[in-house]
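To start, the structure under review is shown below, and the notes come after it.
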Amino acid sequence: MSEFTGTYGGGFDAKKGRISVPAPFRAILSRLGAEEIILRRSRHLPCIEVWPKPDYMAEVNARVAGLSKLSAEYQSIMRKLVGRIHTLHPDTEGRVVMPKDLAEAAQFESELQFAGRGAYFEIWSASAYAAEEARLDAEDEGGDV
């Protein structure tokens, strides 16, 4: 399993549509031998999920294990999990051109936050990330985490 942890700032070059994966996350991708990454819109939050391709495909395959490839359930899962992703190959500096539809969906600004989530990491606009962190902090005031 991957071990993407921590939060790192970064930038988004809107003119070129380019981002650079933070060095600690690049090191993990390199250690895993993941030459390609999978980007997808989060289905729960206003951010982009970034997965090492082998790990992502293992998750997809686990979800459809035992299903007939002709079944409606298989086709629905594959449409959501494979049909809506972008496969990218970072250059030697960890840079990728962010697909325009993903950058727009996550409302990327010039400042970004890269947040580790164990098996994958997320890319947020800095303002959306700050708002989500404030929401979580307010939620935590009422109980233990």
Side-chain angles (χ1 to χ4, degrees), residues 1-67 69-140 145:
M1 179 175 168
S2 309
E3 50 195 61
F4 295 101
T5 60
T7 303
Y8 304 91
F12 176 58
D13 179 347
K15 186 174 180 181
K16 295 181 181 178
R18 194 167 56 190
I19 64 159
S20 182
V21 175
F25 291 170
R26 286 196 318 262
I28 294 167
L29 291 168
S30 177
R31 190 179 73 243
L32 294 171
E35 294 182 13
E36 293 180 310
I37 54 176
I38 300 291
L39 280 71
R40 69 186 290 259
R41 282 178 68 175
S42 171
R43 296 186 54 86
H44 312 289
L45 297 164
C47 65
I48 304 304
E49 295 177 4
V50 182
W51 291 73
K53 185 177 181 180
D55 291 1
Y56 185 81
M57 294 312 296
E59 288 289 327
V60 170
N61 290 333
R63 294 281 298 276
V64 297
L67 296 177
K69 291 175 180 58
L70 299 176
S71 72
E73 184 178 5
Y74 176 92
Q75 292 175 12
S76 176
I77 290 170
M78 295 303 280
R79 186 177 305 111
K80 291 175 187 173
L81 298 181
V82 177
R84 297 178 182 170
I85 64 173
H86 295 270
T87 303
L88 302 177
H89 192 287
D91 69 11
T92 57
E93 300 298 318
R95 294 175 299 211
V96 295
V97 175
M98 178 63 61
K100 188 175 182 177
D101 64 315
L102 292 182
E104 289 174 354
Q107 299 179 356
F108 280 179
E109 303 160 343
S110 61
E111 297 296 318
L112 301 176
Q113 289 292 316
F114 295 78
R117 296 296 179 255
Y120 62 97
F121 62 94
E122 298 169 338
I123 309 173
W124 292 74
S125 72
S127 61
Y129 186 79
E132 178 64 9
E133 286 294 296
R135 185 191 69 76
L136 290 174
D137 288 347
E139 190 177 275
D140 289 345
V145 175

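In this chain, numbering begins with 1 at the start of the sequence shown. Atom set for the values below is all heavy atoms of this structure, side chains included, hydrogens, waters and symmetry mates excluded. For clarity, every value in this text was computed on a predicted model and none was experimentally measured.
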* To do: Grab the two heavy atoms, one from D55 and one from A119, that are nearest each other, plus how far apart they are.
  => OD2-O, 4.3 Å
* **Nearest-0.5 Å distance, CD of residue E139 to CD of residue E132** => 8.5 Å
* **side-chain hydrogen bond (donor to acceptor under 3.5 Å, both in side chains) assessment of E111 paired with S125** => CA-CA 6 Å; E111 297 296 318; S125 72; over 6 Å; no
* SB check E59 R63 (cutoff 4.0 Å) -> no
* Asked: Which pairs pass salt bridge (charged side-chain N to carboxylate O under 4.0 Å, His left out) with one or both residues in residues 13-23, sequence neighbours excluded?
  -> none
* **Which residues share a side chain to side chain donor-acceptor pair (under 3.5 Å) with Q75, sequence neighbours left out** => none
* To do: Mind listing the closest non-hydrogen atom pair of A103 and M98 along with its distance?
  => CB-CG, 3.7 Å
* Asked: Do NZ/NE/NH1/NH2 and the carboxylate oxygens of R117 and E3 come within less than 4.0 Å?
  -> no
* Structure fact -> Quick note, ring-ring contact (aromatic ring centres under 6.0 Å, His included) partners involving residues 36-55, not counting sequence neighbours, are W51-Y56, W51-Y120
* **Stepwise side-chain contact (heavy atoms from CB on, under 4.5 Å) test for Y129 and L112** => CA-CA 8 Å; Y129 186 79; L112 301 176; over 6 Å; no
* Quick one: pull up OG1 in T7 and CD in Q113 and give me the separation to the nearest 0.5 Å. => 6.5 Å
* Do the side chains of F12 and S20 get nearer than 4.5 Å, heavy atoms only? -> no
Run the side-chain donor-acceptor check on residues 88-97: report pairs under 3.5 Å with partners two or more places apart or on a different chain.
from : atom 1 : to  : atom 2 : distance (Å)
D91  : OD1    : E93 : N      : 2.9
D91  : OD1    : G94 : N      : 3.1
D91  : OD1    : R95 : N      : 2.9
D91  : OD2    : R95 : NE     : 2.8
D91  : OD2    : R95 : NH2    : 3.0

* Asked: After noting the C-alpha distance and the side-chain angles of V50 and I38, does the key distance pass the side-chain contact (heavy atoms from CB on, under 4.5 Å) rule?
  -> CA-CA 6 Å; V50 182; I38 300 291; over 6 Å; no
* T87 OG1 to M57 CE distance, which is reported to the nearest 0.5 Å -> 8.0 Å
* Please lay out, stage by stage, how R40 and I48 fare under the test side-chain contact (heavy atoms from CB on, under 4.5 Å). => CA-CA 6 Å; R40 69 186 290 259; I48 304 304; over 6 Å; no
* Report yes if the side chains of K80 and R43 come closer than 4.5 Å at any heavy-atom pair, otherwise no. => yes
* To do: Find out whether T5 and F121 are in side-chain contact, i.e. whether some heavy atom of one side chain is under 4.5 Å from a heavy atom of the other.
  => no
* To do: Please round to the nearest 0.5 Å and tell me the distance separating atom CD1 of I123 and atom OG of S42.
  => 12.0 Å
* Asked: What pairs with E36 under salt bridge (charged side-chain N to carboxylate O under 4.0 Å, His left out), at least two apart in sequence or on another chain?
  -> K53
* Structure fact -> In this structure, CZ of R31 is separated from CZ of R26 (nearest 0.5 Å) by 14.5 Å
* Around E133, counting heavy atoms of other residues, nucleotides and ligands shown, do more than 12 lie under 6.0 Å from its CD? -> yes
* **Reported CD1-to-CG distance for the pair I77 and N61, which is rounded to 0.5 angstrom** => 11.5 Å
* Structure fact -> Those residues at least two apart in sequence (or on a different chain) that pass side chain to side chain contact (heavy atoms under 4.5 Å, CB included) with P46 are W124
* Asked: When the aromatic ring centroids of F114 and F25 are compared, is their separation below 6.0 Å?
  -> no
* **Atom CZ of R41: over 12 foreign heavy atoms under 6.0 Å** => no
* **Close side-chain approach of I85 to L39, heavy-atom, < 4.5 Å** => no
